[in-house]
Amino acid sequence: MPRLRIATLSDVPRLQRLVEQSVRTLSEGYYSPSQVESALRYVFGPDTRLIADETYYVIEDAGELAAAGGWSRRLTLYGGDQAKGTDDPLLDPAADPARIRAFFVHPSWARRGLGRRLFERCREAAVAAGFAALELMATLPGVPLYRTLGFTAAGPTVAELPDGELLPMVRMSRPLP
């Protein structure tokens with residue numbers, strides 16, 4: 001059984017490789033190659049603030065990263081370090097939904113329950129922190145997973161990336177019990 005643990009800063013190089021493999025392979029049929037490369041350059045990548053907050057997890061098997069994902073009590077909805085500013089204030093659990101963030105699965109581990117396993121850990125932690133709802137920005141390949149996890153679409157959106165590429169995504173949410 002692959003082991004789930006809190007990510008550390010020493011995982012960042014391996015996380016970068018996992019993100020690239022996941023996005024390049026699992027986005028086929030959803031995004032064009034130029035959208036994928038632009039998203040990897042400007043949006044997708046490790047978020048070291050999640051790691052510092054100890055709200056980001058990895059699943060590893062035989063020393064290899066099979067999946068990663070986390071949650072956040074901060075305002076940022078999506079994006080790695082390259083996509084964020086310096087200010088990322090804390091959310092109010094009484095008024096704001098927690099964020100589900102940066103889920104990536106190695107293609108050889110896709111559709112084997114690792115995303116659900118990461119989500120359950122994140123959901124439990126968000127409930128323990130006092131949050132009553134969750135929110136995320138899903139990539140198109142992630143929408144089916146999040147629907148099965150009880151999320152509903154609040155609506156599609158398109159991010160315009162610095163090089164002019166357009167990246168369709170879907171804002172989703174769900175209540176917590």
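Atoms CG and CZ, on Leu145 and Arg147 in that order, are 11.5 Å from each other to the nearest 0.5 Å. Taking CG of Leu50 as the start and CZ of Arg99 as the end, the distance is 12.0 Å to the nearest 0.5 Å. Cys122 contributes atom SG, which lies 9.0 Å from atom OH of Tyr56 (distance to the nearest 0.5 angstrom). With rounding to the nearest 0.5 angstrom, the CG atom of Leu75 is 12.5 Å from the CG atom of Asp92. Atom CZ of Arg123 sits about 13.5 Å away from atom CG of Leu118, to the nearest 0.5 Å.
Smallest separation of non-hydrogen atoms from Leu4 and Arg117: N-NH2, 3.5 Å. Counting all heavy atoms, side chain and backbone alike, Trp71 lies closest to Ala125 at NE1-CB, 3.3 Å. When all heavy atoms of Gln82 and Gly45 are compared, the closest pair comes out as NE2-N, 4.0 Å. Taking every heavy atom of both residues into account, Ala110 and Leu26 meet most closely at CB-CD2, 4.1 Å. Closest heavy-atom contact between Leu18 and Val105: CD1-C, 4.0 Å. Pro168 and Gln35 get closest at one heavy-atom pair: CD-NE2, 3.6 Å.
Hydrophobic clustering (side-chain heavy atoms under 4.5 Å, transitive across Ile, Leu, Val, Met, Phe, Trp, Tyr) keeps Ile100 apart from Leu90. By the rule that hydrophobic residues join a cluster once side-chain heavy atoms approach within less than 4.5 Å of another member, Leu166 and Phe44 end up as members of separate clusters.
The 12-atom threshold is exceeded at CZ of Arg112, counting heavy atoms of other residues, nucleotides or ligands nearer than 6.0 Å.
Residues meeting the salt bridge (Lys or Arg N to Asp or Glu O under 4.0 Å) test with Glu124, sequence neighbours left out: none.
In this structure, the side chains of Val143 and Tyr146 stay at 4.5 Å or more apart for every pair of heavy atoms. Side-chain contact between Pro141 and Tyr31 is present, with at least one heavy-atom pair separated by less than 4.5 Å.
Checking side-chain atoms of Arg101 against main-chain N and O of Gly79 turns up a donor-acceptor pair under 3.5 Å. Checking side-chain atoms of Arg171 against main-chain N and O of Thr157 turns up no donor-acceptor pair under 3.5 Å. Without hydrogens or angle criteria, Ser27 side chain to Val23 main chain gives a donor-acceptor distance under 3.5 Å.
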Exercise. Passes salt bridge (Lys or Arg N to Asp or Glu O under 4.0 Å), Glu20 versus Arg17? Steps please.
Worked result: CA-CA 5 Å; Glu20 291 170 4; Arg17 287 190 299 277; over 6 Å; no
For this session: With salt bridge (Lys or Arg N to Asp or Glu O under 4.0 Å) as the test, would you mind laying out the steps for Arg74 and Asp47 before giving the verdict?
Result: CA-CA 12 Å; Arg74 295 186 180 275; Asp47 181 336; over 6 Å; no
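For Arg5 and Asp11, the salt-bridge test passes: some basic side-chain N is under 4.0 Å from an acidic carboxylate O.
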